2 protein chains.
Amino acid sequence: MTNKTTPDKFDSQLMRGSLDLMVLAILDREAQYGYSIQQKLREASGEKVDLKAGTLYPILHRLEAEKLIRSKWDESSARKRKWYELTKTGRKRLQQQAQTWHAYVHCIQSLLPPKLALTLPAP
Amino acid sequence: MTNKTTPDKFDSQLMRGSLDLMVLAILDREAQYGYSIQQKLREASGEKVDLKAGTLYPILHRLEAEKLIRSKWDESSARKRKWYELTKTGRKRLQQQAQTWHAYVHCIQSLLPPKLALTLPAP
DNA sequence: ATTCTATATATAGATAGGCTATATATATTG
DNA sequence: CAATATATATAGCCTATCTATATATAGAAT
């Protein structure tokens with residue numbers, strides 16, 4: 001039985017629209033391959049973000065098609081891995097998306113009744 | 001031509017998953033009818049949230065089916081309006097969703113590089 | 001009078017992005 | 001030798017939002 005009172009994962013609908021931001025943010029730290037991105041996101045989020053392979057890989061392919069990230073196969077290591085890193089355009093996009101994200105967070109905050117709103121620093 | 005540099009509206013994908021929260025939050029202020037919810041959201045967001053009728057009305061019907069809001073036709077006024085108000089369950093749900101939202105915001109903040117992250121109060 | 005705009009609600013169908021399921025392949029552990 | 005973890009990939013499903021359309025009336029403009 002699943003625990004509905006303290007759900008261990010964020011709803012996929014909620015994350016829709018910020019998955020790109022998350023992936024770009026994780027890649028800004030250091031170059032990663034798909035599987036490690038998946039793990040890093042899971043760990044960094046306290047298991048609340050657990051992207052399935054069928055979600056993550058299409059995102060990576062899309063980001064690469066948009067030239068926000070670039071890839072390189074590593075055949076030398078024990079396992080065949082496809083490493084990704086941010087491009088210059090990708091870094092810019094990360095900044096833009098972070099800005100948009102903050103604007104959106106402020107917007108929601110202003111809609112919430114004061115009792116339920118976090119205090120946020122002015123934009 | 002649309003202005004891509006300073007988009008006047010939030011992407012629909014970004015808002016996906018938090019529209020219910022917004023509608024519940026607006027209704028927590030006072031009872032509203034559909035059209036006024038649409039306007040209030042647009043004004044309160046600085047034109048950045050502009051729900052189309054085809055988006056809003058299905059949301060209201062779904063929230064009512066979940067008994068989070070209740071409706072009442074007003075035939076007396078010049079125009080036929082369907083007024084909505086929060087139920088007790090709806091108020092609880094608003095609190096829950098606000099909590100989840102805050103947790104999610106904190107999660108994203110922790111993923112962003114410090115330079116791009118807002119400083120948030122501890123949860 | 002008539003046309004246009006704003007107000008007010010409703011729904012069918014298109015779109016898009018995340019999910020499920022499945023496939024392939026290899027290293028490691030028991 | 002079997003089971004599990006690592007590693008990537010894609011076809012097809014699901015669903016919430018959007019587009020387009022429909023209906024109806026009040027008020028303003030011509």
Side-chain angles (χ1 to χ4, degrees), chain A residues 2 7-24 31-43 45 48-66 68-69 71-84 97 104, chain B residues 2 7-24 31-43 45 48-66 68-69 71-84 97 104:
Chain A
T2 48
D8 53 337
K9 279 167 200 171
F10 291 122
D11 189 279
S12 66
Q13 301 298 337
L14 183 62
M15 295 193 286
R16 204 166 166 150
S18 24
L19 288 183
D20 287 12
L21 176 63
M22 288 196 235
V23 171
L24 294 175
Q32 305 269 340
Y33 52 96
Y35 194 81
S36 72
I37 294 174
Q38 195 182 25
Q39 288 180 109
K40 285 265 167 69
L41 269 178
R42 195 173 53 240
E43 288 160 20
S45 68
K48 292 198 169 191
V49 176
D50 188 15
L51 295 192
K52 301 308 173 194
T55 302
L56 180 58
Y57 291 109
I59 288 176
L60 291 172
H61 299 162
R62 182 165 43 74
L63 293 178
E64 187 170 25
E66 291 177 56
L68 302 174
I69 60 179
S71 70
K72 189 174 59 178
W73 278 102
D74 178 10
E75 315 274 3
S76 74
S77 69
R79 283 169 190 286
K80 212 178 58 161
R81 288 166 176 163
K82 199 171 180 180
W83 289 81
Y84 289 96
Q97 290 207 6
Y104 187 58
Chain B
T2 48
D8 54 337
K9 278 168 201 171
F10 291 123
D11 189 279
S12 65
Q13 301 299 335
L14 182 63
M15 294 193 287
R16 203 166 165 147
S18 22
L19 288 184
D20 287 12
L21 175 62
M22 287 196 237
V23 171
L24 293 175
Q32 305 269 341
Y33 53 95
Y35 194 82
S36 72
I37 294 174
Q38 195 183 24
Q39 288 180 112
K40 284 266 167 69
L41 270 177
R42 194 173 54 239
E43 287 160 21
S45 69
K48 292 197 169 192
V49 175
D50 188 15
L51 295 192
K52 302 307 171 195
T55 302
L56 179 59
Y57 291 109
I59 288 176
L60 291 172
H61 299 162
R62 181 166 44 73
L63 293 178
E64 186 170 26
E66 293 177 54
L68 302 174
I69 61 180
S71 69
K72 190 173 59 180
W73 279 102
D74 178 12
E75 316 275 5
S76 74
S77 68
R79 283 169 190 285
K80 211 179 58 159
R81 290 165 176 163
K82 201 172 177 180
W83 289 82
Y84 290 96
Q97 290 207 8
Y104 186 58

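Since the structure is predicted, the reported quantities are computational estimates derived from the model, not experimental observations. Computation of the quantities below employed the complete heavy-atom set of this structure, encompassing side-chain atoms and omitting hydrogens, waters and symmetry-equivalent molecules. Residue numbers begin at 1 in each chain, while the letters A, B, ... track the order of the sequences.
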Worksheet entry | Rounded distance (Å) that lies between atom C1' of C/dT9 and atom CZ of B/R81 | 12 Å
Practice prompt. Please report, rounded to the nearest Å, how far the P atom of C/dA8 is from the CG atom of B/L51.
Written response: 17 Å
Fill in: Nucleic acid contacts - residues 11-19 of chain B versus DNA chain D, non-hydrogen atoms under 4.0 Å
B/S12, B/R16, B/G17, B/L19
Worksheet item: Of the nucleotides C/dT7, D/dT19, D/dT6, which has the atom closest to the A/R79 side chain?
Response: D/dT6
Worksheet entry | Gap between atoms CD1 and C1', on B/I59 and C/dT11 respectively (whole Å) | 15 Å
Discussion item. If you only use heavy atoms from C-beta on, which nucleotide in C/dT9, D/dT17, D/dT8 is closest to the side chain of A/Y35?
Written reply: D/dT8
Worksheet item: Quick one: which of C/dT7, D/dT6, D/dC18 gets closest to the side chain of A/Q39?
Response: D/dT6
Worksheet item: Just to confirm, is there a sub-4.0 Å distance from OP1 or OP2 of C/dA8 to any side-chain nitrogen or oxygen of B/Y33?
Response: yes
Item to complete: Using distance alone, with no hydrogens and no angle criterion, decide if A/S18 and A/Y104 have a side-chain donor and acceptor under 3.5 Å apart.
Response: no
Practice prompt. Mind calculating the distance between CG (B/D74) and P (D/dT25) to the nearest angstrom?
Written response: 16 Å
Discussion item. On a heavy-atom basis, which atom in B/I59 and which in B/T55 lie closest, and how many Å separate them?
Written reply: CG1-O, 3.2 Å
Discussion item. Ignoring hydrogens, what is the shortest heavy-atom contact between A/P58 and A/A53? Give both atom names and the distance.
Written reply: CD-O, 3.7 Å
Discussion item. Need one value for A/G54: base, sugar-phosphate or nothing, where a base atom within 4.0 Å counts as base even if backbone is also close, heavy atoms only.
Written reply: base
Worksheet item: When you check the phosphate oxygens OP1 and OP2 of C/dA10, does a side-chain N or O of B/Y57 lie under 4.0 Å from one of them?
Response: no
Fill in: NZ/NE/NH1/NH2 to OD/OE distance under 4.0 Å, A/R81 and A/D74
no
Discussion item. What is the distance, to the nearest angstrom, from the CG atom on A/D20 to the C1' atom on C/dA16?
Written reply: 12 Å
Worksheet item: Can you check whether A/V23 reaches A/L56 side chain to side chain, under 4.5 Å on heavy atoms?
Response: yes
Worksheet item: Atom CG of A/L63 and atom C1' of C/dG17: how far apart are they, to the nearest Å?
Response: 13 Å
Item to complete: Return the value, rounded to whole Å, for the distance between atom NE2 of B/H61 and atom P of C/dA12.
Response: 11 Å
Worksheet item: What are the two closest non-hydrogen atoms of B/M15 and B/F10, and how far apart are they?
Response: CE-O, 3.6 Å
Discussion item. Just to be sure I understand the rule, does B/W83 reach a base, reach only the sugar-phosphate, or reach nothing, if contact means heavy atoms closer than 4.0 Å?
Written reply: nothing
Worksheet item: Can you tell me if B/Q38 uses its side chain to pair, donor with acceptor, with the backbone of B/L51 under 3.5 Å?
Response: yes
Worksheet item: Rounded to whole angstrom units, what separation is found between the NZ atom of A/K9 and the P atom of C/dC19?
Response: 10 Å
Worksheet item: Below 4.0 angstrom from OP1 or OP2 of D/dT23, is there any side-chain N or O of B/K80?
Response: no
Practice prompt. Please check the phosphate of D/dA9 (OP1 and OP2 only) for any side-chain N or O of A/K82 closer than 4.0 Å.
Written response: yes
Worksheet, complete the sentence: Heavy-atom closest pair (B/S71 atom, B/E64 atom, distance to 0.1 Å) is OG-OE2, 2.6 Å
Worksheet item: Where the side chain of B/W73 is defined as all heavy atoms beyond and including C-beta, which of C/dT9, D/dT10, D/dT8 is the nearest nucleotide?
Response: C/dT9
Practice prompt. Take B/Y84 and A/P58, find for each the nucleotide of DNA chain C with the closest heavy atom, and name the residue whose nucleotide sits nearer the 5' end.
Written response: B/Y84
Response to the item:
Among C/dG18, D/dT10, D/dT8, the one nearest any side-chain atom of A/T55 is C/dG18
